[in-house]
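Only this structure's heavy atoms are used, side chains among them; waters, hydrogens and symmetry mates stay out. Residue numbers start from 1 in every chain, and the chains themselves are labelled A, B, ... in the order their sequence lines are given, proteins ahead of strands.
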2 protein chains.
Amino acid sequence: MRAIPRATVARLAQYLQGLDQLEGRTISSQSIAAVVGVGAAQVRRDLSYLGHQGVRGVGYDAEHLRRAIMRELGLVGTVGVAIVGAGNLGQALAGYGGFQERGFTVFSLYDIDHSKVGGRVSGLPIRHLDTMAADARSGRFAIAIIATPAEAASEVLARLNEAGIRSVLNFAPAVLRPPTSMEVRNVDLSTELQILSFYRKHSR
Amino acid sequence: MRAIPRATVARLAQYLQGLDQLEGRTISSQSIAAVVGVGAAQVRRDLSYLGHQGVRGVGYDAEHLRRAIMRELGLVGTVGVAIVGAGNLGQALAGYGGFQERGFTVFSLYDIDHSKVGGRVSGLPIRHLDTMAADARSGRFAIAIIATPAEAASEVLARLNEAGIRSVLNFAPAVLRPPTSMEVRNVDLSTELQILSFYRKHSR
DNA sequence: CTCTGTGAAACACTTCACAGCG
DNA sequence: CGCTGTGAAGTGTTTCACAGAG
């Protein structure tokens with residue numbers, strides 16, 4: 001029963017968001033399933049990885065469940081995040097309001113452009129990339145978001161690895177081959193559009 | 001052997017990117033595998049869904065393979081894309097240079113803010129959301145990217161569906177429940193960070 | 001009687017290992 | 001020989017269906 005499947009981890013995060021849209025002290029697997037669009041059996045199986053959280057005949061206690069999921073996802077206290085690359089995308093991400101309310105705090109942006117370094121974006125400082133490793137090691141952030149051009153991405157990834165960062169969200173359009181010690185999630189716009197293109201073609 | 005697995009479709013898009021980094025007229029499953037970080041057997045299995053494309057003892061013809069993948073992904077001619085929401089993120093996406101070279105053309109951004117409508121971002125016009133359906137129906141775009149606030153997302157999705165758009169990439173932090181006629185890929189920053197948080201916790 | 005938790009079956013996807021083609 | 005294409009085995013994930021708790 002140990003070792004939560006990767007697919008389940010991804011859904012737990014969705015259930016967490018979904019809980020916000022549900023009313024009532026207790027909720028059933030059925031109602032969660034309806035909100036996130038999966039089967040009720042799937043929800044029960046997923047939640048069973050957290051141990052017995054529900055009450056038979058009644059459902060799950062909403063608040064208790066929220067905490068249990070957050071604990072399992074490591075969302076205790078505030079998690080520090082760094083944004084590497086202060087270009088268009090980096091700045092847009094810095095302006096995204098959802099971090100704070102989800103328990104994430106952006107510590108800083110990093111760039112190598114001297115005309116940007118020292119400035120601020122959405123209230124966040126832009127620091128030089130060379131200072132990143134020290135900030136990482138002193139625990140200012142635990143997760144990094146790569147928002148650089150493609151050419152810079154693998155270099156940045158190597159530096160992050162060296163600085164002991166294990167979790168990376170990559171927005172650069174590059175195929176990154178992370179060391180096994182790292183967990184990298186790629187969000188490549190081209191790839192996503194290409195996948196959508198396939199499903200468009202195969203829907204008529 | 002028909003019906004390409006979803007997982008394979010996602011990798012085909014990656015192989016396509018990976019081909020750019022490989023030299024030579026012919027390439028082996030081994031070399032593709034090395035570039036995108038999967039097993040060679042996986043690559044061969046995936047490519048076999050395209051029919052017999054390789055030559056035993058030699059490998060795959062790079063140019064031929066690229067075309068075969070593009071054809072399968074529906075990347076024939078140029079595919080039109082719309083960006084809904086001309087805020088921070090929408091503007092950042094509009095400035096992303098990778099669309100053109102991958103065969104996608106952004107037709108327009110859409111917004112409801114009258115101070116934005118009529119303006120331009122990165123050379124692209126911002127049109128009123130109310131004109132979107134007509135543009136969709138006249139074939140100006142086939143894929144839409146939602147870059148609105150969370151509250152607006154499901155309303156936009158409904159409008160897109162009504163306008164006959166089947167393929168949507170959603171950047172709004174909302175759990176969207178698409179009709180079965182649509183294929184929606186969600187890129188939710190919070191969800192991604194929460195998943196990364198889990199793997200960070202479970203790596204020490 | 002309702003709704004959870006879970007064996008067991010079904011399904012989906014990946015990897016192995018090798019026959020066979022060029 | 002080298003490298004593809006693919007049965008067969010293995011692994012991971014989802015769904016069914018129901019026992020059992022409240």
Side-chain angles (χ1 to χ4, degrees), chain A residues 1-15 18-19 22-66 68-69 72 180 183 195 198-199 202, chain B residues 1-15 18-19 22 24-66 68-69 72 180 195 198-199 202:
Chain A
M1 179 270 224
R2 267 306 59 144
I4 303 189
R6 298 181 78 83
T8 292
V9 173
R11 279 190 302 268
L12 285 177
Q14 293 199 58
Y15 298 162
L19 285 183
L22 292 170
E23 302 286 305
R25 270 184 60 71
T26 64
I27 52 199
S28 64
S29 58
Q30 193 58 244
S31 61
I32 298 175
V35 158
V36 308
V38 300
Q42 181 78 82
V43 173
R44 292 199 299 280
R45 171 76 67 191
D46 287 339
L47 295 182
S48 77
Y49 287 107
L50 306 178
H52 295 208
Q53 302 290 341
V55 180
R56 289 171 193 238
V58 179
Y60 301 86
D61 179 82
E63 207 39 53
H64 176 81
L65 185 59
R66 181 196 311 281
I69 295 177
E72 190 58 41
T180 46
E183 176 75 17
I195 294 169
F198 173 88
Y199 287 111
H202 290 78
Chain B
M1 181 269 224
R2 269 298 63 134
I4 302 190
R6 298 180 78 82
T8 291
V9 173
R11 278 191 303 268
L12 284 177
Q14 293 199 56
Y15 299 162
L19 286 183
L22 292 170
R25 270 183 61 71
T26 64
I27 52 199
S28 65
S29 57
Q30 194 57 243
S31 61
I32 299 175
V35 158
V36 309
V38 301
Q42 181 77 82
V43 173
R44 291 200 299 278
R45 173 76 67 191
D46 288 340
L47 296 182
S48 78
Y49 287 106
L50 306 178
H52 295 207
Q53 302 291 341
V55 181
R56 291 170 192 238
V58 179
Y60 301 87
D61 179 83
E63 208 38 55
H64 176 82
L65 185 58
R66 181 197 311 282
I69 295 177
E72 190 57 41
T180 45
I195 294 169
F198 173 88
Y199 287 111
H202 290 77

Q: Check whether NZ of the Lys or CZ of the Arg A:Arg6 lies under 6.0 Å from the centre of the six-membered ring of B:Phe198 and within 45 degrees of that ring's axis.
A: no

Q: How many angstroms lie between atom CD1 of A:Ile195 and atom CG of B:Leu12, to the nearest 0.5 angstrom?
A: 9.5 Å

Q: Report the distance from atom CD1 of B:Ile32 to atom CD1 of B:Ile27, rounding to the nearest 0.5 Å.
A: 4.5 Å

Q: Rounded to the nearest 0.5 Å, what separation is found between the CD atom of B:Gln14 and the CG atom of B:Leu19?
A: 12.0 Å

Q: When you measure from every atom of DNA chain D, which of residues 56-64 of chain B have a heavy atom less than 4.0 Å away?
A: B:Arg56, B:Gly57, B:Val58, B:Gly59, B:Tyr60

Q: What is the separation between atom CG on A:Leu65 and atom P on C:dC3, rounded to the nearest whole Å?
A: 16 Å

Q: What's the CG-C1' distance between B:Asp46 and C:dT15, to the nearest Å?
A: 12 Å

Q: Tell me the interatomic distance from B:Leu47, atom CG, to C:dT14, atom C1', rounded to whole angstroms.
A: 15 Å

Q: What's the spacing between A:His64 NE2 and A:Ile69 CD1 if we round to 0.5 Å?
A: 10.0 Å

Q: Round to the nearest Å and state the distance from A:Arg6 atom CZ to D:dT11 atom C1'.
A: 14 Å

Q: Touch check for B:Gln30, heavy atoms < 4.0 angstrom, all strands: base, sugar-phosphate only, or nothing?
A: nothing

Q: Which sits closer to the 5' end of DNA chain D, B:Ala41 or A:Val38, going by the nucleotide each is nearest to?
A: B:Ala41

Q: Considering only D:dT15, C:dT6, D:dT13, which nucleotide approaches the side chain of A:Gln42 most closely?
A: D:dT15

Q: Nearest to the side chain of B:His52, which nucleotide is it out of D:dT4, D:dG5, D:dT14?
A: D:dG5

Q: Rounded at 0.5 Å granularity, tell me how far CD in A:Gln53 sits from CZ in A:Arg44.
A: 15.5 Å

Q: Which nucleotide sits closest to the side chain of A:Arg11: D:dG22, D:dT14, C:dC16?
A: D:dT14

Q: B:Asp46 and B:Val38: side-chain contact (heavy atoms from CB on, under 4.5 Å), yes or no, with the steps?
A: CA-CA 11 Å; B:Asp46 288 340; B:Val38 301; 5.9 Å; no

Q: Checking all strands, does B:Ser29 fall into the base, sugar-phosphate, or nothing category for heavy-atom contacts under 4.0 angstrom?
A: sugar-phosphate

Q: Starting at CD1 of A:Ile4 and ending at C1' of D:dG12, how long is that distance when rounded to a whole Å?
A: 15 Å

Q: Please report the interatomic distance CG(B:Leu50) to OH(B:Tyr15), rounded to the nearest 0.5 Å.
A: 10.0 Å

Q: Should A:Ile4 and A:Glu72 be marked as a side-chain contact (heavy atoms from CB on, under 4.5 Å) after you check the CA-CA gap, both sets of side-chain angles, and the distance that decides it?
A: CA-CA 10 Å; A:Ile4 303 189; A:Glu72 190 58 41; 3.5 Å; yes

Q: Base, sugar-phosphate or nothing for B:Gly54? Non-hydrogen atoms, less than 4.0 Å.
A: sugar-phosphate

Q: Atom pairs under 3.5 Å, N or O on each side, protein against nucleotides 7-10 of chain D: can you list them with distances?
A:
| from | atom 1 | to | atom 2 | distance (Å) |
| --- | --- | --- | --- | --- |
| D:dG7 | N7 | B:Arg45 | NH2 | 3.4 |
| D:dG7 | O6 | B:Arg45 | NH2 | 2.7 |
| D:dA8 | N6 | B:Arg45 | NH2 | 3.0 |

Q: Closest to the B:Arg44 side chain: D:dG22, D:dT13, D:dT6?
A: D:dT6

